[in-house]
Amino acid sequence: MSRTRLVIGNWKMNGSRDDNAALLRELVFEAKKYSAIEMAVCPPAVYLDGVGQQIGGSPIRLGAQDLCEQAAAGAFTGEIHGNMLKEFGCRYVLVGHSERRSLYGETDERVAQKFVTAQVCGLVPVLCLGETLADREDGSTEAVLARQLDAVVASAGIAALRDAVIAYEPVWAIGTGRTASPEQAQAAHAFLRRRLAESDAKIAGSVPLLYGGSVNAENAASLFEQPDVDGGLIGGASLKASAFLAICAAAQARNGQ
Ligand code: 13P
């Protein structure tokens with residue numbers, strides 16, 4: 001089955017108006033070369049409006065890094081409602097990024113709630129999950145992935161995965177320069193698909209599975225060659241136009257295969 005190839009840049013807490021403008025000038029200029037894949041950027045929320053304007057008219061899509069799990073607006077100081085992200089042109093929103101889980105205490109249940117709320121607001125959730133180094137070393141990678149995935153399926157229902165993206169991001173590979181090997185990435189992705197297939201084989205076969213964790217211009221092609229790796233969620237390398245575009249080129253080269 002051929003699935004959408006997708007490369008999403010997660011800028012994390014980086015950027016400035018000037019830096020964003022310089023980066024986006026290059027991305028917008030080059031974007032039409034990558035028409036066989038989908039490119040998206042997730043800037044910090046305060047920049048969504050400006051970034052949205054700069055990519056307007058280009059094929060680059062906008063995403064947010066997080067949203068509030070609450071379905072109703074109101075007294076949640078500091079939080080951002082999914083409807084607000086939608087109003088500012090977001091298509092995607094990351095949920096459950098490992099930094100949100102580990103630094104800000106997001107539980108599987110809260111991540112699942114964010115997933116549900118994102119869809120209620122018309123956004124496509126990008127569910128991030130992945131094991132820590134300790135999990136991998138003690139052999140519990142699959143148990144951790146299953147727990148994180150099952151929490152969302154239990155709350156949202158398997159049909160909700162039809163309009164979602166999953167990003168496998170092993171915590172030990174994020175920002176460390178230590179990327180998963182293509183075989184490790186493939187094994188985790190195949191496991192996630194098998195797990196989903198226990199509920200619905202068709203949805204399991206159609207949901208895009210992205211790999212994230214120290215993807216760069218050099219290693220992207222070998223990761224994207226794996227049959228169950230449909231693209232990437234890119235941190236550090238998404239802040240440099242040349243690196244991000246090289247990763248997009250690697251995804252495009254695999255398109256339809
Ligand atoms: P790096 O590409 O910097 O390792 O970050 C990956 C990531 O966390 C993307 O969400």
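Both backbone and side-chain heavy atoms feed into the values below; hydrogens, waters and symmetry mates do not. As the structure lists them, so they are numbered: ligands from 1, and atoms in each ligand from 1.
Annotation for ligand 1: atoms under 4.0 Å from non-hydrogen atoms of N10 are 9 (C), 10 (O). Atom numbering of ligand 1 starts at 1 in the shown order; those under 4.0 Å from a heavy atom of A173 are 4 (O). Close approach of ligand 1 to G175 is summarised as follows: ligand atoms under 4.0 Å from at least one heavy atom of the residue are 1 (P), 3 (O), 4 (O). The ligand atoms of ligand 1 that sit less than 4.0 angstrom from a heavy atom of E169 are 6 (C), 7 (C), 8 (O), 9 (C), 10 (O). When each atom of ligand 1 is checked for a heavy atom of G213 under 4.0 Å away, the hits are 4 (O), 6 (C).
Note on ring orientation: taking the six-membered ring where Trp is involved, the planes of H189 and Y168 are perpendicular (angle over 60°, cut-offs 30° and 60°).
Looking at I234 next to ligand 1, no N or O pair under 3.5 Å apart turns up. By the 3.5 Å distance cut-off applied to N or O atoms, E99 is not counted among the residues near ligand 1.
The environment of R17 atom CZ is sparse: at most 12 non-hydrogen atoms of other residues, nucleotides or ligands sit within 6.0 angstrom. Crowding of R162 atom CZ: a count of heavy atoms from other residues, nucleotides or ligands under 6.0 Å not exceeding 12.
Put simply, the side chain of P125 does not reach to within 4.5 Å of the side chain of L127, judged on heavy atoms.
Under a 4.0 Å heavy-atom criterion, S98 is not in contact with ligand 1. Ligand 1 lies out of reach of A237, whose nearest heavy atom is not under 4.0 Å from it.
The closest protein non-hydrogen atom to atom 5 (O) of ligand 1 is K12 NZ, 3.2 Å. Nearest protein neighbour of atom 3 (O) of ligand 1, counting heavy atoms only, is G236 N, 2.8 Å. Nearest protein heavy-atom contact of atom 2 (O) of ligand 1 is G235 N, 2.9 Å.
Figure legend: R194 and F191 shown without cation-pi pairing, the cationic atom not lying both under 6.0 angstrom from the six-membered ring centre and within 45 degrees of its axis.
Remark: the N219 side chain and the S222 side chain contain no N/O donor-acceptor pair separated by less than 3.5 Å.
Between R254 and E225 no salt bridge is recorded (no basic side-chain N to carboxylate O distance below 4.0 Å). A salt bridge does not link E38 with R5: none of the charged nitrogens is closer than 4.0 Å to a carboxylate oxygen. Salt bridge annotation for K114-E106: present, with a cationic side-chain nitrogen under 4.0 angstrom from a carboxylate oxygen.
Counting heavy atoms under 4.0 Å from ligand 1, residue L233 touches it through both backbone and side chain. In S238, neither the side chain nor the backbone holds a heavy atom less than 4.0 Å from any atom of ligand 1.
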